[in-house]
Protein chains: 2
Amino acid sequence: MANSQFAMAVHVLTMLARNCDGRVKSGYLAKSVNTNAVVIRRLLCDLHEAGLVVSRTGYSGGTCLTKDPEEINLLDVYRAVSHGEVFSLHRQKPDQDCPVGRNIESVLCNLQKEIDSAVEERLGTYTLDDIITLVNKGREVPV
Amino acid sequence: MANSQFAMAVHVLTMLARNCDGRVKSGYLAKSVNTNAVVIRRLLCDLHEAGLVVSRTGYSGGTCLTKDPEEINLLDVYRAVSHGEVFSLHRQKPDQDCPVGRNIESVLCNLQKEIDSAVEERLGTYTLDDIITLVNKGREVPV
DNA sequence: ATAAGTGTAACAAGGATAGTTACAGAACGT
DNA sequence: ACGTTCTGTAACTATCCTTGTTACACTTAT
């Protein structure tokens, strides 16, 4: 099943940034994302571990950002909710008696790291503030 | 479950390149990759649709490359076996009555395209020949 | 004719993601 | 003190994706 946590995370953080005056309830976020409040709370838990949000329980509880939107990088968001691997390596260890099988893993592993770096570099060029600006304008990401 | 088709594809193509004199059987490839021959044949089917390999049925059948390794780009391989999306968009359409929900999809869609492009650009800098060289040397992908 | 292959369908197994309900505990108002 | 409104989290289910496996029709060379 496709992992849409990064998309939900950006959505949720955008909502929080626009309601920076107070705490936002998971139910309110869930309505906008069109999912269950528990799914949102699980996501917020990851974002909290990454230091991006803080929540309060109880009456008048809810969640808010810990930083200004221009200080939240999309790379931080990506790392908070993703395993960060564009492609996966072999499930089973290749045949070590085969010259290719013996060496292909390390080659692919380094290639994997390089491709993942390319993703992170590009994500790192955006902040949450950029997303908010685009959402406010109802426009799209410029290429 | 993690998708390791790209890794298997690179592995298989490397094997084919090293046995360029004849046709290689799926069972032989499966042994090196350490999986079932049918898994390999399914993979070869995708690679065939991408024009990278050709197979022959029957006695003395098997598969071989259609191009020289230096003419096979890893981007071609990636496209042959992947849907090419680093992250997924919302499963459910966000709430269109919410200003964020109404606009976030197109913003994320364009961001997705840009991140995917970054992956493709980087993959495009390698050919199968580069992989073969690295495997032969038993070394790793230089950064 | 026989043996050795591919192509492909059908099904099972395993794992990841998301959806749902339920409930304990925290915080605030009265 | 008590009830209300939240979060945090466990437990369970549903669904989908990937892989593994068996089976078999069809193709090709000897």
Side-chain angles (χ1 to χ4, degrees), chain A residues 1-9 11-12 15-16 19 22-49 53-64 66 80-94, chain B residues 1-9 11-12 15-16 19 22-49 53-64 66 80-94:
Chain A
M1 198 178 291
N3 184 331
S4 58
Q5 293 203 65
F6 176 73
M8 287 196 292
H11 187 152
V12 161
M15 296 285 288
L16 295 178
N19 294 271
R23 300 180 193 288
V24 184
K25 327 269 181 239
S26 62
Y28 179 71
L29 295 169
K31 184 163 182 296
S32 176
V33 176
N34 194 10
T35 185
N36 191 289
V38 173
V39 173
I40 297 295
R41 280 182 235 147
R42 283 198 285 240
L43 182 62
L44 289 171
C45 184
D46 289 337
L47 297 177
H48 176 252
E49 283 174 9
V53 304
V54 63
S55 299
R56 187 182 289 183
T57 60
Y59 195 100
S60 80
T63 305
C64 60
T66 57
V81 299
S82 152
H83 304 314
E85 286 163 7
V86 173
F87 63 85
S88 297
L89 303 182
H90 291 69
R91 278 177 87 175
Q92 312 287 346
K93 196 172 191 64
Chain B
M1 198 179 292
N3 184 332
S4 58
Q5 294 203 63
F6 177 73
M8 289 196 291
H11 186 151
V12 161
M15 297 284 289
L16 294 179
N19 293 271
R23 299 182 194 288
V24 184
K25 329 271 180 232
S26 62
Y28 179 72
L29 295 169
K31 185 164 182 296
S32 176
V33 176
N34 194 10
T35 185
N36 190 290
V38 173
V39 173
I40 297 295
R41 280 182 235 146
R42 282 198 285 241
L43 182 61
L44 289 171
C45 183
D46 288 338
L47 297 177
H48 176 252
E49 283 174 8
V53 304
V54 64
S55 299
R56 187 181 290 181
T57 60
Y59 195 100
S60 80
T63 305
C64 59
T66 57
V81 299
S82 152
H83 304 314
E85 286 162 7
V86 174
F87 64 84
S88 297
L89 303 181
H90 291 69
R91 280 177 86 175
Q92 312 287 345
K93 194 171 193 63

On a heavy-atom basis, the closest approach of B/Gly22 and B/Cys64 is O-CB, 4.1 Å
Rounded to whole Å, CG of B/Leu47 lies from P of C/dG7 at a distance of 11 Å
Would you list the protein and nucleotides 7-9 of chain D atom pairs, both N or O, that sit under 3.5 Å from each other?
residue	atom	partner	partner atom	Å
D/dT7	OP1	A/Ser26	N	2.7
D/dT7	OP2	A/Ser26	OG	2.8
D/dG8	N7	A/Arg41	NH1	2.9
D/dG8	O6	A/Arg41	NH1	2.9
D/dT9	O4	A/Arg41	NH1	3.3

Shortest non-hydrogen contact from A/Tyr28 toward A/Asn19:
CE2-ND2, 4.3 Å
Just how far, in rounded Å, is P of C/dG19 from CG of A/Asn34?
8 Å
Using distance only, find each side-chain donor-acceptor pair of residues 36-46 of chain B under 3.5 Å and give its atom names and separation, not counting sequence neighbours.
residue	atom	partner	partner atom	Å
B/Asn36	OD1	B/Val38	N	2.8
B/Arg41	NE	B/Ser26	OG	3.1

Go through the structure and list residues passing side-chain contact (heavy atoms from CB on, under 4.5 Å) with B/Asn34, not counting sequence neighbours.
A/Gln92
Of the listed nucleotides C/dC28, C/dA18, C/dT17, the one nearest the side chain of A/Ser4:
C/dA18
Rounded to whole Å, CD1 of A/Ile40 lies from P of C/dT20 at a distance of 12 Å
Please confirm whether the shortest side-chain N or O distance from B/Gln92 to OP1 or OP2 of C/dG19 is below 4.0 Å.
yes
So the salt bridge (charged side-chain N to carboxylate O under 4.0 Å, His left out) pairs with at least one residue in residues 23-32 of chain B (sequence neighbours excluded) are A/Asp95-B/Lys31
Rounded off to whole Å, could you give me the CD-to-P distance for the A/Glu85 and C/dA16 pair?
12 Å
Within residues 83-94 of chain A or reaching into it, pairs that qualify as salt bridge (charged side-chain N to carboxylate O under 4.0 Å, His left out) - sequence neighbours excluded
A/Lys93-A/Glu105
Need to verify one output field. Residue with the more 5' nearest nucleotide on DNA chain C, B/Ala37 or A/Asn36?
B/Ala37
For B/Ser55, enumerate each residue passing the side-chain hydrogen bond (donor to acceptor under 3.5 Å, both in side chains) test, keeping only those at least two apart in sequence or located in another chain.
B/Thr63
Nearest whole Å is fine: how far is D/dC17 P from B/Phe6 CZ?
22 Å
Report the distance from atom CZ of A/Phe87 to atom C1' of D/dT18, rounded to the nearest whole Å.
17 Å
Taking atom C1' of C/dG19 as reference, at what distance in whole Å does atom CG of A/Leu43 sit?
14 Å
OP1 or OP2 of D/dC17 versus the side-chain N and O atoms of B/Gln5: is any pair under 4.0 Å?
no
note: B/Tyr59, atom OH; C/dA1, atom P; distance rounded to Å ~ 18 Å
